[in-house]
Asks: 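Mind having a look at this structure? Questions to follow.
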Amino acid sequence: MKDIIKVTAAILGKDGQIIIAQRKRGDHLSGKWEFPGGKIEPRETPEESLSRELKEEFDIDVAIAEYLGSNVHHYDHISIELMAYRATWVGGAITLNDHKAYCWVSVDQLADFDFAPADVPFVEMLRRGQIDVSGKAHGL
C-alpha cells in the first residue's frame, strides 16, 4: 500500500461565495477544479501549511478557522488525505502563481465544475448544507 500524503484544502468564502481553482496544464489532473491548498511539509501543522500554500499559490493572506473534515483518496500515482479547513481572506490581491484559473462560485454553481476526485466529498458536503457558506455565522 502507498504512503498517504497529507494535503490541506481551504473552503474560503466571501459574500456567500467560495473560491475554487483550476489546475494548470502539465499538472496531474490538469484542468480539474479544486479547493486551493497543498501538501503539508515536514514540521508544519495543517493550518501553517494551508496559510503558506495560499500565500504561494494566490499571494493572499488568510486566517485559518475550523477543521471541516478529511477524505482519503487513492489516485493511481498517489494516495492523499485531504483535510479541509474554513478560511477567511484577510489581505492581498489574487495573483495566479500555480493555477490556470480561479472562480468565485455559489454552492449551487459547484455542480457545473469538474472537480478533482479528492475534492468531491467536500463539494457534496457544501451542496447538502453540511458546510455553511452563508457568511452569517463564520464571517464568510
Asks: Quick check: does any side chain N or O of Q17 sit under 3.5 Å from a backbone N or O of K14, one acting as donor and the other as acceptor?
Replies: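 Pair absent, no side-chain N/O of Q17 close to backbone of K14.
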
Asks: Could you check whether F35 and F115 have their ring centres less than 6.0 Å apart?
Replies: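 Between F35 and F115, which both carry aromatic rings, the centre distance is below 6.0 Å.
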
Asks: Heavy-atom count around R128 CZ within 6.0 Å, excluding the residue itself: above 12?
Replies: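 Correct, the count exceeds 12.
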
Asks: Counting distance only, does the side-chain N/O of D59 pair as donor-acceptor with the main-chain N or O of T95 below 3.5 Å?
Replies: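 No: the side chain of D59 does not pair with the backbone of T95.
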
Asks: Taking side chain as C-beta onward, heavy atoms only, is F58 less than 4.5 Å from H99?
Replies: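 The answer is yes; the side chains approach within 4.5 Å.
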
Asks: Are E47 and Y85 packed together at the side-chain level, in the sense that at least one heavy-atom pair is separated by less than 4.5 angstrom?
Replies: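 When only atoms from C-beta onward are counted, Y85 and E47 do touch, with a gap below 4.5 Å.
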
Asks: Please lay out, stage by stage, how K6 and K39 fare under the test side chain to side chain contact (heavy atoms under 4.5 Å, CB included).
Replies: CA-CA 6 Å; K6 294 188 179 290; K39 185 170 32 168; over 6 Å; no

Asks: Between V7 and I40, does the side chain to side chain contact (heavy atoms under 4.5 Å, CB included) criterion hold? Intermediate values first, please.
Replies: CA-CA 6 Å; V7 180; I40 299 173; over 6 Å; no

Asks: State, with a plain yes or no, whether a side-chain heavy atom of I78 is found less than 4.5 Å away from one of I4.
Replies: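 When only atoms from C-beta onward are counted, I4 and I78 do not touch, as no gap falls below 4.5 Å.
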
Asks: Got a second to check how far D114's CG is from E34's CD, nearest 0.5 Å?
Replies: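 One gets 12.0 Å once the value is rounded to the nearest 0.5 Å.
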
Asks: I'd like to know if the side chain of R86 reaches the main chain of D132, judged simply by a donor and an acceptor atom lying under 3.5 Å from each other, with no hydrogens or angles considered.
Replies: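 Yes, because the side chain of R86 sits within donor-acceptor range (under 3.5 Å) of the backbone of D132.
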
Asks: Step by step, would you call V107 with I18 a side chain to side chain contact (heavy atoms under 4.5 Å, CB included)?
Replies: CA-CA 7 Å; V107 169; I18 307 153; 4.0 Å; yes

Asks: Please examine the side chains of V105 and L110, heavy atoms only from C-beta on, and report whether any two atoms are closer than 4.5 Å.
Replies: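 In short, these two side chains touch, coming nearer than 4.5 Å.
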
Asks: Using modelled atom types only, decide if a donor and an acceptor are shared between the side chain of Q22 and the backbone of K100 within a distance under 3.5 Å.
Replies: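 No; judged by distance alone, with no hydrogens or angles, the pair does not exist.
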
Asks: Is there a side-chain contact between W33 and C103 in this structure, where contact means two heavy atoms from C-beta onward sitting under 4.5 Å apart?
Replies: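 Answer yes - side chains close enough.
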
Asks: Please find the pair of heavy atoms, one from S70 and one from E81, that lie closest to each other, and give the distance.
Replies: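 So the minimum-distance heavy-atom pair works out to OG-OE2, 3.1 Å.
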
Asks: Would you say that P117 contacts H73 through its side chain, given a criterion of any heavy-atom pair below 4.5 Å between the two side chains?
Replies: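 Yes, close enough: below the 4.5 Å cut-off.
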
Asks: Work out which heavy atom in I11 is nearest to a heavy atom in A84; give both atom names and the distance.
Replies: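 Looks like CG1-CB, 4.3 Å.
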
Asks: Decide, yes or no, whether a salt bridge links R52 with E56 under the criterion of side-chain N to carboxylate O below 4.0 Å.
Replies: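 E56 and R52: salt-bridged.
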
Asks: With respect to D98, which candidate in R23, K55, K24 satisfies the salt bridge (Lys or Arg N to Asp or Glu O under 4.0 Å) definition?
Replies: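 Checked R23, K55, K24 against D98; only one passes salt bridge (Lys or Arg N to Asp or Glu O under 4.0 Å): K24.
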
Asks: Would you say E48's side chain and T45's backbone share a donor-acceptor pair under 3.5 angstrom?
Replies: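 Yes, E48 side chain to T45 backbone: donor-acceptor pair under 3.5 Å.
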
Asks: Checking N97 against E57 for the side chain to side chain contact (heavy atoms under 4.5 Å, CB included) test, could you report, in this order, the C-alpha distance in whole Å, the side-chain angles of both residues, the deciding distance, and whether it holds?
Replies: CA-CA 5 Å; N97 297 319; E57 293 179 359; 5.5 Å; no

Asks: Of the non-hydrogen atoms in L96 and A101, which two are nearest, and what is the gap between them?
Replies: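 Heavy atoms only, the tightest pair is CD1-CA, 3.7 Å.
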
Asks: Within this structure, what is the CG-CD1 distance for the pair L12 and I60, rounded to the nearest 0.5 Å?
Replies: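 One gets 5.5 Å once the value is rounded to the nearest 0.5 Å.
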
Asks: Could you tell me which non-hydrogen atom of A118 sits nearest to which non-hydrogen atom of N71, and how far apart they are?
Replies: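 Smallest interatomic distance, heavy atoms only, reads O-ND2, 2.9 Å.
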
Asks: Heavy atoms, side chains only, cut-off 4.5 Å: are I19 and P36 in contact?
Replies: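 The answer is yes, as the side chains (C-beta and beyond) meet within the 4.5 Å cut-off.
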
Asks: Determine yes or no for a side-chain-to-main-chain donor-acceptor pair under 3.5 angstrom, with T8 supplying the side chain and G38 the backbone.
Replies: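 Confirmed, T8 side chain pairs with G38 backbone.
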
Asks: Using 30° and 60° as the class limits, which term best fits the ring planes of W104 and W89: parallel, tilted or perpendicular?
Replies: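 W104 vs W89 ring planes: parallel.
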
Asks: Over all heavy atoms of both residues, which pair between L29 and A116 is shortest? Give the atoms and the distance, please.
Replies: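 Distance-wise, the nearest heavy atoms are CD1-CB, 3.9 Å.
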
Asks: Can you find a heavy atom in the side chain of D119 that is under 4.5 Å from one in the side chain of K32?
Replies: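 No. Closest side-chain heavy atoms not under 4.5 Å.
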
